[in-house]
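What follows is a set of notes on a single structure, which appears directly below.
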Amino acid sequence: MSVNIDIKSYPLFINGEWIASEANRTFDVVNPANGELVAKVASGTKKDVDRAVEAATAAFEQDEWREMAPKERSKILYAIAQKIMENAEELVGLEAISSGGTVRRLGSNDVLQMVDLFQTLGKFVLDYTFSETLPSPPFPGPAHNFIWREPIGVCAAITPWNMPMLIASWKIAPALAMGNTIVIKPASYTPLTTLRLAEIISEVVPPGVINVVTGSGKEVGEALATHPKVEKIAFTGSTEVGRHIMSLASNTIKNTTLELGGKSPSILLEDADLSLALPGSLFGVFLHSGQLCESGTRLFVPDKIYDQVIDGLKELSEKLVLGNPLDLATDMGPVISETQKESILSYIEKGKQEGARLVCGGQEVKVEGCEKGHFIAPTIFADVTNDMTIAREEIFGPVLSIIRYSEVEDAVRMANDTIYGLAAGVWTADVNKAYKVVRKLRAGVVWINDWHMLRNDAPFGGYKQSGIGREMGRHSLDAYTQVKHVHTSMVPEAERRTWYSLLFSNQS
Ligand code: NAP
């Protein structure tokens, strides 16, 4: 694939318009595959956040949007899906040149997942239970009671750089489906597709419903997390920043969803079909150069097949082709930045120092035609113990830690011995054995004989310090509503309202 790169300047997207940042500053977006400048983007400020929140508040106050019938809202979600499809090639190109994701993955997965997400929620909205009627209570007297699900108001989304357009969609789609308005702050490495997505979506929603303020986490992110008119914050990113956002959001008691990091365990049982499990384990860890939160970074392997598994994984890993993400033959693209590359390489050094055995990879790779890119060879460590740094901390790069076990109970105990709980997996020929293990694994999603299989109709989110709340599926619609109980008394006479005597003692 070739992408026309005319270096463009992107202002902020507020109230359906492109608007310059009040400070008139910009930051560079650079292609991680070759170091070339891709775009200059407005560096927003606290005042810009105020402007975006004002626009989102005004849009929320319009009955036209907030009170829209589910049928009309569903049509809008389907229209957005259609627009994403029409602009798919551009979105894939923009995302590839800024995130380093391969066009093979972006074109055949991410963009289609986005289309399916808007369609799925468009379908769910039609039969969503916006109102429930409760049975009349026997005590203290007859009444009519409803439970209503209502939109929350102005929502803020703060997103990471690894799958920018898909993760932004996980927040935009349910927010809009439930009648909220949204202000998004994309990661500074990868703001382009979120800006373009907002522009596309604004063609079918009123001005102010979707807004994007680009800029640093410190300035724009913190302004959103503390803004008194932002009622919900949905954050995806590292556990460290998630903790900080949670504390910032506590001042104004915001409804908070956090999708954070992981150190996901993958347990290979002795009876696993290795022709499936070996490529599956590598698919689980090396897709997008290991920069996926749900990557299976710790592989637990039983004594009996330990050496065989290591040999097989090494052979397969060494066949992976590193290259330009725009090339369809590329299996793995670059990591996002020089800083991230250095961080991954320092984890690799730490692994060696702490006594893990380097099986393959472990070094930076120079790719022809992409000499200024940040590429790291797929790296496998064997003889890792669960207390080593490479088994405990999220590396967010192409590094697999293999941990040996004798009894399945030990593997499960070590799998759960982590602060994280995002994903997990079991490889076995016997699903009954798998279910026993799955029951014990403390993770928000568990795959049996597979990896990365997220569905738009199923919830996704973490146990423990991998997060709070769920995205996707019907659960995500609940997460963008608040619940109101409405009571109508059916007792019109004051004298029959026995409960008034709780205050008035002298009624005759
Ligand atoms: P990050 O450093 O936590 O940044 C995420 C977002 O937070 C970015 O938009 C960043 O802005 C912003 N930010 C940074 N500091 C902030 C602050 N003080 N206040 C408010 N916002 C702030 O994460 P990342 O490096 O982009 O992404 C990788 C992480 O995301 C990994 O830990 C990965 O596991 C996690 N992740 C989780 C999921 C999930 O669904 N659970 C999915 C994908 C990724 P700037 O870009 O301007 O710094």
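Values below: every heavy atom of this structure, side chains too, minus hydrogens, waters and symmetry copies. In listed order, ligands and their atoms are each counted from 1. Because the structure is a prediction, the values reported are computed rather than measured.
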Self-check item: Parallel, tilted or perpendicular: rings of W451 and W427 (30°, 60°)
Solution: parallel

Would [X] and [Y] count as having a side-chain donor-acceptor pair, cut-off 3.5 Å?
X	Y	value
Y347	E393	yes
D478	Y128	yes
D48	S21	yes
K254	T252	yes

Between [X] and ligand 1, which residue portion shows a heavy-atom distance shorter than 4.0 Å: side chain, backbone, both, or neither?
X	result
L224	neither
Q291	neither
S216	backbone

What protein heavy atom is closest to [atom], reported as residue, atom name and distance in Å?
atom	result
atom 48 (O) of ligand 1	G217 N, 4.1 Å
atom 11 (O) of ligand 1	K185 NZ, 3.1 Å
atom 8 (C) of ligand 1	T159 O, 3.3 Å

Quiz item: Should G242 be listed as contacting ligand 1, given a heavy-atom distance under 4.0 Å as the test?
Solution: no

Quiz item: Which atom pair, heavy atoms only, marks the closest approach of K185 to G215?
Solution: NZ-O, 2.8 Å

Identify which of [options] has a heavy atom lying nearest to [atom].
atom	options	answer
atom 35 (C) of ligand 1	G262, A156, G237, P160	G237
atom 18 (N) of ligand 1	E471, E259, M163, E222	E222
atom 5 (C) of ligand 1	T236, V220, T194	T236

Quiz item: Hey, which atoms in ligand 1 end up nearer than 4.0 Å to a heavy atom of N162?
Solution: 43 (C), 44 (C)

